[in-house]
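In what follows, a single structure is set out as structure tokens and then discussed.
Side chains included, hydrogens not; waters and symmetry mates left out as well; all remaining heavy atoms used. For ligands, and for the atoms within them, numbers begin at 1 and follow the listed sequence. The residues of the chain are indexed from 1 along the displayed sequence. Just so it is clear, the structure is predicted and the values come from calculations on it, not from any experiment.
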Amino acid sequence: MADFQIAPSILSADFARLGEEVSQVLASGADIVHFDVMDNHYVPNLTIGPQVCEALINHGITAPIDIHLMVKPVDRIIPDFAAAGATYITFHPEASEQVDRSLQLIRDEGCKSGLVFNPATSLDYLEWVIDKVDMVLLMSVNPGFAGQTFIPATLEKLRQARAIIDASGRDIRLEVDGGVKVDNIGETAKAGADTFVAGSAIFGAGQSSDPNSYDTVIGAMRQELSNARNH
Ligand code: DX5
Ligand code: ZN
């Protein structure tokens with residue numbers, strides 16, 4: 001079974017102190033940096049681009065950077081994120097005219113590729129391209145904003161995605177994104193997720209008066225994951 005990886009979404013970080021925030025969550029035990037890219041077109045919000053990714057790397061971040069593209073179209077911006085140091089680049093199939101081509105482009109640029117499934121999007125998109133996918137990301141909220149409530153139907157969808165991945169025999173990560181918190185992360189792991197995005201649950205904890213709050217929340221998530229594994 002794959003290792004569990006915790007991926008703080010920097011959408012909920014203090015953007016004025018972004019480098020420091022990312023360093024702190026990694027020092028507190030996070031594994032990868034989840035980087036939400038929104039274009040006010042595919043989703044109704046606007047965030048950050050390749051220059052910010054490059055700035056994090058120049059700041060000294062060496063952890064994998066997981067670029068979640070919520071933009072349309074996707075192909076134009078893929079080489080820019082690859083040049084900026086992305087590890088994973090994932091996109092929504094509805095946002096690409098040629099899903100197979102976009103996946104291949106990500107790999108040709110030297111990155112790991114992934115498809116993102118909205119709550120209402122069928123896993124059928126995987127059938128003919130699974131050999132070009134390194135990451136399957138299931139949205140457990142509708143994309144666009146941090147701080148939304150986890151949609152419970154995602155648990156059954158995770159089970160189905162886990163079965164598809166296992167049947168393929170391929171090394172593909174299964175990531176869940178949206179409304180993941182200490183009290184439901186274990187359930188998502190039991191349903192088959194191995195990579196856990198959390199924005200408000202992690203960075204929200206940093207706004208409390210406890211100086212070790214990132215350690216506390218990430219430690220609590222790690223404990224829930226360990227309980228889920230031994231279940
Ligand atoms: C939503 C983004 C998520 C979001 C997660 O469109 O893709 O990564 O920031 O935030 P929380 O964990 O607060 O739901
Ligand atoms: Zn995301």
Side-chain angles (χ1 to χ4, degrees), residues 5-15 18 21-22 25 28 30-49 52-53 56 63-72 74 77 81 86-95 106 111-121 134-155 157-158 161 173-189 193-208 213-214 217-218 220-221 224-225:
Q5 297 203 326
I6 295 176
S9 160
I10 60 175
L11 187 56
S12 295
D14 177 353
F15 275 116
L18 186 59
E21 287 267 80
V22 173
V25 290
S28 295
D31 302 289
I32 67 177
V33 180
H34 186 79
F35 190 111
D36 287 304
V37 184
M38 303 185 184
D39 66 350
N40 189 36
H41 168 68
Y42 178 65
V43 290
N45 198 357
L46 186 66
T47 61
I48 46 179
V52 177
C53 179
L56 286 177
I65 299 187
D66 172 28
I67 304 290
H68 174 190
L69 293 180
M70 288 160 275
V71 304
K72 184 178 182 175
V74 298
I77 203 76
F81 273 107
T87 308
Y88 289 94
I89 301 179
T90 68
F91 65 94
H92 292 247
E94 300 90 341
I106 293 169
C111 298
K112 293 182 178 173
S113 58
L115 278 184
V116 190
F117 296 84
N118 282 333
T121 303
D134 301 299
M135 171 93 89
V136 170
L137 168 49
L138 299 196
M139 293 306 301
S140 35
V141 298
N142 289 290
F145 301 95
Q148 303 179 79
T149 303
F150 184 90
I151 296 172
T154 314
L155 293 174
K157 201 172 179 186
L158 280 168
R173 298 204 69 88
L174 180 52
E175 185 173 46
V176 60
D177 181 5
V180 174
K181 313 218 171 290
V182 172
D183 64 7
N184 63 9
I185 194 169
E187 276 182 288
T188 68
D194 57 28
T195 307
F196 308 88
V197 177
S200 49
I202 292 178
F203 285 104
Q207 282 143 26
S208 74
S213 50
Y214 292 151
V217 66
I218 292 171
M221 286 179 167
E224 292 294 328
L225 291 175

Do V176 and T154 have side chains that get closer than 4.5 Å, going by heavy atoms?
yes

What protein N/O/S atoms are found closer than 2.8 Å to the Zn ion (ligand 2)?
H34 NE2, D36 OD1, H68 ND1, D177 OD2

Okay, side chain of S12, backbone of S200: is any donor-acceptor separation there less than 3.5 Å?
yes

Return the [atom1] to [atom2] distance between [X] and [Y], rounded to the nearest 0.5 Å.
X: D194; Y: F196; atom1: CG; atom2: CZ; value: 6.5 Å
X: M221; Y: I202; atom1: CE; atom2: CD1; value: 4.5 Å
X: I67; Y: T90; atom1: CD1; atom2: OG1; value: 8.5 Å

Quick check on ligand 1: any N or O pairs to the protein under 3.5 Å? One line per pair.
from     : atom 1 : to   : atom 2 : distance (Å)
ligand 1 : 6 (O)  : G144 : N      : 2.7
ligand 1 : 7 (O)  : D36  : OD1    : 3.0
ligand 1 : 7 (O)  : H68  : ND1    : 3.2
ligand 1 : 7 (O)  : D177 : OD2    : 2.9
ligand 1 : 8 (O)  : H34  : NE2    : 3.4
ligand 1 : 8 (O)  : D36  : OD1    : 3.2
ligand 1 : 8 (O)  : D36  : OD2    : 2.8
ligand 1 : 8 (O)  : D177 : OD1    : 2.7
ligand 1 : 8 (O)  : D177 : OD2    : 3.0
ligand 1 : 9 (O)  : S9   : OG     : 2.9
ligand 1 : 9 (O)  : D36  : OD2    : 3.2
ligand 1 : 12 (O) : G199 : N      : 2.7
ligand 1 : 13 (O) : G147 : N      : 2.8
ligand 1 : 13 (O) : S200 : N      : 3.0
ligand 1 : 13 (O) : S200 : OG     : 2.5
ligand 1 : 14 (O) : G179 : N      : 2.8

Which pairs pass salt bridge (Lys or Arg N to Asp or Glu O under 4.0 Å) with one or both residues in residues 31-43, sequence neighbours excluded?
D31-R222

Report the C-alpha distance between H92 and T121 in whole Å, list the side-chain angles of each, state the deciding distance to 0.1 Å, and finish with yes or no for side-chain contact (heavy atoms from CB on, under 4.5 Å).
CA-CA 9 Å; H92 292 247; T121 303; over 6 Å; no

Please determine whether side-chain contact (heavy atoms from CB on, under 4.5 Å) holds for the pair I48 and I10, giving the CA-CA distance in whole Å, both sets of side-chain angles, and the decisive distance to 0.1 Å.
CA-CA 10 Å; I48 46 179; I10 60 175; 3.7 Å; yes

With side-chain hydrogen bond (donor to acceptor under 3.5 Å, both in side chains) as the rule and sequence neighbours excluded, what pairs involving residues 134-153 come up?
R107-D134, S113-D134

